[in-house]
Amino acid sequence: MFTATATVTVNGQPCALPSGNLASATLLHVLRNDLALNGPKYGCGLGQCGACTVLVDGVAARACVIPAQGIKGREVTTLEGLPARCGNRHGLHPVQQAFIDEQAAQCGYCLNGMVMMAVALLERNPDPDEAAIRSELSANLCRCGTHVEIIRAVLRAAVLMREAQA
């Protein structure tokens, strides 16, 4: 049993943050260990690889370097919450579907970060060109070298998102 000291909205649901480790925990730690959301991955722990990327108030952010205290009253979306973000509570977000369609996942190390960065990009710019996609994803590390497939997936996701809105 824990005493809640703050509330945060995670994937559209209000969540009470546990007070026991709030002072020293990162957002990633709280998401994975306290809320059992395993979409964001622990990669480098330094905010440099992108494996832990989530959306905080709609902006892509590295959860491994955000103090849990810093999200009080904010809205956090993880990979698990993407379908609801586009109104599809039981399926996949168009970006997730596009990554499957284009076979843009290999080992999974970068997958969470690439998907979350792509969502952030497409919400700001629904029709990016390849240069914009490369620029947006340039800070995310992919160990497998599936960059070509990832770019194709983001381009496909843009089409799927536009079609869903039509």
Side-chain angles (χ1 to χ4, degrees), residues 1-101 104-105 107-126 136-137 139-140 150 153-154 156-158 160-166:
M1 178 102 182
F2 63 84
T3 304
T5 59
T7 301
V8 61
T9 302
V10 179
N11 297 331
Q13 301 296 316
C15 295
L17 299 178
S19 63
N21 65 355
L22 195 58
S24 62
T26 64
L27 172 56
L28 181 62
H29 178 86
V30 169
L31 292 172
R32 291 184 61 84
N33 296 343
D34 297 321
L35 301 179
L37 296 168
N38 294 316
K41 304 291 184 234
Y42 182 88
C44 67
L46 302 170
Q48 296 179 353
C49 71
C52 66
T53 303
V54 297
L55 303 178
V56 178
D57 296 334
V59 177
R62 307 298 171 113
C64 73
V65 294
I66 297 174
Q69 291 180 342
I71 60 162
K72 293 177 186 176
R74 314 278 300 271
E75 184 172 332
V76 176
T77 304
T78 68
L79 191 68
E80 295 88 347
L82 287 181
R85 190 171 180 88
C86 69
N88 187 357
R89 297 201 178 275
H90 302 292
L92 296 173
H93 187 281
V95 173
Q96 292 170 307
Q97 185 61 56
F99 270 68
I100 292 168
D101 294 347
C107 76
Y109 173 82
C110 73
L111 189 59
N112 175 78
M114 294 292 190
V115 168
M116 299 306 289
M117 292 296 290
V119 169
L121 169 64
L122 294 173
E123 287 182 356
R124 284 191 330 273
N125 177 1
E136 185 79 8
L137 301 180
N140 284 53
I150 289 169
V154 178
R156 180 177 180 85
L160 293 175
M161 289 177 73
R162 287 193 303 272
E163 288 174 353
Q165 292 175 351

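Note that the coordinates shown come from a computational prediction; the quantities given were computed from them, not determined experimentally.
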Original post:
Rounded to the nearest 0.5 Å, what separation is found between the CZ atom of Arg32 and the CG atom of Asn38?
Top reply: 4.5 Å
Subject >> Shortest non-hydrogen separation from Val154 to Ala118 and the atoms involved >> reply: CG2-CB, 3.7 Å
Subject >> Any Val54 side-chain heavy atom under 4.5 Å of Leu27 side chain >> reply: yes
Subject >> Backbone of Pro126 reached by a side-chain donor or acceptor of Arg162 within 3.5 Å >> reply: yes
**OP:** For the pair Asn140 (side chain) and Met117 (backbone), establish whether a donor and an acceptor sit closer than 3.5 Å, ignoring hydrogens and angles.
**Re:** no
**OP:** Output the distance between atom CD (Glu75) and atom OG1 (Thr9), rounded to the nearest 0.5 Å.
**Re:** 6.0 Å
Subject >> Between Asn112 and Thr53, a side-chain donor and acceptor under 3.5 Å >> reply: no
Original post:
Counting N and O atoms only, with roles assigned by atom type, does the side chain of Gln96 sit under 3.5 Å from a partner on the main chain of His93, one being a donor and the other an acceptor?
Top reply: yes
Original post:
Minimum heavy-atom separation for Cys49 to Gly43, with atom names?
Top reply: SG-CA, 3.8 Å
Original post:
Which pair of heavy atoms, one from Leu160 and one from Pro94, lies closest together, and at what distance?
Top reply: CD1-O, 3.7 Å
Original post:
Is a donor on one side and an acceptor on the other found under 3.5 Å between the side chain of Thr26 and the backbone of His29?
Top reply: yes
Subject >> Audit row: Glu136, Met114, side-chain contact (heavy atoms from CB on, under 4.5 Å) steps and yes/no >> reply: CA-CA 9 Å; Glu136 185 79 8; Met114 294 292 190; over 6 Å; no
**OP:** With rounding to the nearest 0.5 Å, note down the distance linking CD in Gln48 to SG in Cys64.
**Re:** 9.0 Å
Original post:
Are the side chains of Gln97 and Asp101 in touch, meaning some heavy atoms are under 4.5 Å apart?
Top reply: yes
Original post:
Checking side-chain contact (heavy atoms from CB on, under 4.5 Å) for the pair Leu82/Val95: CA distance, chi angles, key distance, verdict?
Top reply: CA-CA 9 Å; Leu82 287 181; Val95 173; 5.7 Å; no
Subject >> OG1 on Thr78 to CG on Leu37, rounded to 0.5 Å >> reply: 4.5 Å
Original post:
Under a 4.5 Å cut-off applied to non-hydrogen side-chain atoms, are Lys72 and Thr7 in contact?
Top reply: no
**OP:** With the side chain counted from C-beta on, respond yes when Val76 and Asn11 share a heavy-atom pair under 4.5 Å apart, and no when they do not.
**Re:** no
**OP:** Identify the two heavy atoms, one from Val30 and one from Ala68, that lie closest to each other, and give their separation to 0.1 Å.
**Re:** CG2-CB, 3.6 Å
Original post:
Rounded to the nearest 0.5 Å, what separation is found between the CE atom of Met161 and the CG atom of Leu122?
Top reply: 5.0 Å
**OP:** Measure the spacing between CD1 of Ile150 and CG of Leu137 and express it to the nearest 0.5 Å.
**Re:** 7.0 Å
Subject >> Nearest heavy atoms of Ala104 and Ala153, plus distance in Å >> reply: CB-CB, 3.9 Å
Original post:
Taking C-beta and beyond as the side chain, do Arg85 and Leu55 meet within less than 4.5 Å on heavy atoms?
Top reply: yes
Original post:
Taking all non-hydrogen atoms of both residues, which atom of Pro40 and which atom of Glu80 are closest, and how far apart?
Top reply: CD-OE1, 4.1 Å
**OP:** Report yes if the side chains of Phe99 and Arg156 come closer than 4.5 Å at any heavy-atom pair, otherwise no.
**Re:** no
